[in-house]
2 protein chains.
Amino acid sequence: MQITRAAEYGVLGLTALARRPLGEVVMIETLCAEEDIPNSFLGKILQSLAKAGIVKSARGSGGGFSLARTPTEVTALEIIEAIEGPIAFQRCLDEDLGCEHSGGCALCALLSEAQEQVREVFGRTTLSDLTGRHIPNGLVRQARNRSSETAAPVMPLDPVPVQPAPAS
Amino acid sequence: MQITRAAEYGVLGLTALARRPLGEVVMIETLCAEEDIPNSFLGKILQSLAKAGIVKSARGSGGGFSLARTPTEVTALEIIEAIEGPIAFQRCLDEDLGCEHSGGCALCALLSEAQEQVREVFGRTTLSDLTGRHIPNGLVRQARNRSSETAAPVMPLDPVPVQPAPAS
DNA sequence: GCTTTTCCAGACGAATTTGGTCTGGTTCGC
DNA sequence: GCGAACCAGACCAAATTCGTCTGGAAAAGC
Ligand code: SF4
Ligand code: SF4
């Protein structure tokens, strides 16, 4: 009953991208550093996202990834399903597999209801919503490392030095 | 992003039990036949349910399992969490593991919201709700087998011969 | 007290999924 | 042409899932 790491990294990676002006091209390595994601893994994840038309990729020197749409028009549901495939709580709710009992199965009905709730929550949350209230995980870790050098054991999480919102 | 088979079988097994008068003792084998569940697997699942105080077990000849509470007082959430452990969409939402970024992580907030929705749906559905609208999977399979002998390809799912609701 | 029947506890293991890495390409800018 | 970057897929280790199996232990009946 967990979201996979791939989906988690995918969403986080996109917030890193969405934090920038629309259309800016960024290398995988940069995104990984900002959100603390294993480098080559994010590469693979972004490929799925590119196929789904959420990001655009540019090869060659000066290349990287950029958002294909504005962050307000990309939902978390799209991102997650692009990476993990359709959300399905059981095989009966998966289009491909199915279950012969699904007609009269009470559990199937219950799971279907729960699943719809999840899709609703993910579906109404856009990438820009997420980016707005997100503190880049990489920054958090850096701050923690610095403070441990200077002996303070717990980091107070001061006002965060995120880049100012794009004036749009 | 799936409910495990164990949880599925657990819920189905309990509907089989709840279909009977409260307190009736039934053997694993009988329950398995009714809902089409691998025999020894259900044994293990029922052990967790017994530890959680949802069913009572009786050893020896004439033994088996019985519900420890009325079906109206057992929620699907209890059943599922007794089997799978607490529902947690990510490590940050799991009490034991946790994640150091959880403070400022937007994804964590989103997953938390989705997860609460699921818990709400499961929490308000009782075992008696489920039993009420459930057609035992074993019966469905038997009917299918019979109809395939007599050549009818699709089974119409007639009014089902489930035992009448306990007059209570 | 012996036997039969049932659950109990946990070891065991095959299959699948997850969480990545690596390699050999391909495409682009220069 | 060269180097920087993505691309496609093979590959792999670890974890999890989905069970089975075995040797008990308790209860009932004789
Ligand atoms: S929940 Fe019911 S319908 Fe869905 S897979 Fe399980 S048995 Fe089949
Ligand atoms: S969602 Fe955010 S807080 Fe939760 S585990 Fe992932 S990084 Fe940590």
Side-chain angles (χ1 to χ4, degrees), chain A residues 1-13 17 24-33 35-68 80 83-85 87-91 94 96-97 99, chain B residues 1-13 17 24-33 35-52 54-68 80 83-85 88-91 94 96-97 99:
Chain A
M1 203 56 190
Q2 288 220 162
I3 292 280
T4 61
R5 291 291 176 101
E8 178 185 348
Y9 293 154
V11 173
L12 293 178
L17 206 46
E24 182 169 334
V25 175
V26 190
M27 284 192 305
I28 290 181
E29 211 181 323
T30 313
L31 298 172
C32 284
E35 291 291 347
D36 246 6
I37 300 175
N39 201 300
S40 35
F41 197 14
L42 184 60
K44 193 148 73 165
I45 296 165
L46 283 173
Q47 286 175 33
S48 330
L49 258 14
K51 268 179 202 148
I54 295 172
V55 298
K56 275 181 297 196
S57 65
R59 303 213 239 198
S61 103
F65 289 90
S66 58
L67 278 181
I80 292 171
I83 297 170
E84 292 199 339
I87 290 180
F89 275 22
Q90 251 305 334
R91 55 192 190 285
D94 186 312
D96 302 328
L97 315 109
C99 170
Chain B
M1 204 55 191
Q2 288 220 161
I3 292 281
T4 61
R5 291 292 175 101
E8 178 184 348
Y9 294 154
V11 173
L12 292 178
L17 207 46
E24 182 168 335
V25 176
V26 190
M27 286 192 304
I28 289 180
E29 212 182 323
T30 312
L31 298 173
C32 284
E35 291 291 346
D36 246 4
I37 301 174
N39 200 302
S40 35
F41 197 13
L42 184 60
K44 195 147 75 166
I45 296 164
L46 284 173
Q47 285 175 34
S48 330
L49 259 13
K51 268 180 204 149
I54 295 172
V55 299
K56 276 181 297 196
S57 65
R59 303 215 238 197
S61 104
F65 289 90
S66 57
L67 278 181
I80 292 171
I83 296 170
E84 292 199 340
F89 275 22
Q90 251 306 334
R91 55 191 190 288
D94 186 311
D96 302 329
L97 315 109
C99 170

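Protein chains get the first letters and strands the later ones, always in sequence-line order, with residue 1 at the start of each. Predicted model, so just to flag it, every value in this text is computed and none were measured.
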- prompt: How would you label the contact of A:Gly64 with the nucleic acid (heavy atoms, under 4.0 Å): base, sugar-phosphate, or nothing?
  reply: sugar-phosphate
field: Atom pair distance, as rounded to whole Å: CG in A:Leu42 and C1' in D:dA5
entry: 14 Å
task: Rounded off to whole Å, could you give me the CG-to-C1' distance for the A:Asp94 and C:dT16 pair?
output: 15 Å
field: Atom-pair distance (CD on A:Glu8; C1' on C:dT18), nearest Å
entry: 13 Å
query: Reckon A:Leu46 touches a base, only the sugar-phosphate, or nothing at all at heavy-atom distances under 4.0 Å?
result: nothing
- prompt: Of the candidate nucleotides D:dC7, C:dA9, D:dC6, which contains the atom at the shortest distance from the side chain of A:Gln47?
  reply: D:dC7
- prompt: Roughly how many Å is it from CE in B:Met27 to C1' in C:dC7, rounded to a whole number?
  reply: 12 Å
- prompt: Roughly how many Å is it from CG in A:Leu49 to C1' in D:dC7, rounded to a whole number?
  reply: 15 Å
field: Minimum heavy-atom distance between A:Ser66 and A:Leu17, given as atom pair plus value
entry: C-CD2, 4.0 Å
task: Taking all heavy atoms of A:Gln90 and all of B:Glu8, pick out the closest pair and write down the distance.
output: NE2-OE1, 3.0 Å
task: Give B:Ala58 one of three labels, base, sugar-phosphate or nothing, depending on what nucleic acid heavy atoms sit under 4.0 Å from its own.
output: sugar-phosphate
- prompt: So which heavy atom on A:Ile45 is nearest to which on A:Gly10, and how close?
  reply: CG2-CA, 3.7 Å
N/O-N/O pairs, protein side and nucleotides 27-30 of chain C side, under 3.5 Å:
| unit_1 | atom_1 | unit_2 | atom_2 | d |
| --- | --- | --- | --- | --- |
| C:dT27 | O4' | A:Arg59 | NE | 3.3 |

message: How close do B:Ile28 and B:Gly43 get, counting heavy atoms only, and between which atoms?
response: CD1-CA, 3.4 Å
- request: Return the value, rounded to whole Å, for the distance between atom CD1 of A:Ile45 and atom C1' of D:dG9.
  value: 16 Å
query: Does A:Glu84 reach the main-chain N or O of A:Ile3 with its side chain, forming a donor-acceptor pair under 3.5 Å?
result: no
task: Looking only at non-hydrogen atoms, find the nearest pair between B:Leu46 and B:Val55 and report the distance.
output: O-CG2, 3.9 Å
query: Run the side chain to side chain contact (heavy atoms under 4.5 Å, CB included) check on A:Leu31 and A:Ile37 step by step: do they pass?
result: CA-CA 8 Å; A:Leu31 298 172; A:Ile37 300 175; over 6 Å; no
Anything under 3.5 Å between a protein N or O and an N or O of nucleotides 14-20 of chain D, put it in a table, one pair a line.
| unit_1 | atom_1 | unit_2 | atom_2 | d |
| --- | --- | --- | --- | --- |
| D:dC18 | OP2 | B:Arg5 | N | 3.0 |
| D:dG19 | OP2 | B:Tyr9 | OH | 3.2 |
| D:dG19 | O6 | B:Lys44 | NZ | 3.0 |
| D:dT20 | OP2 | B:Ser40 | OG | 3.0 |
| D:dT20 | O4 | B:Lys44 | NZ | 3.2 |

- prompt: Passes side chain to side chain contact (heavy atoms under 4.5 Å, CB included), B:Met1 versus A:Phe89? Steps please.
  reply: CA-CA 6 Å; B:Met1 204 55 191; A:Phe89 275 22; 3.9 Å; yes
- prompt: Is the number of heavy atoms from other residues, nucleotides or ligands under 6.0 Å of B:Glu29 CD greater than 12?
  reply: no
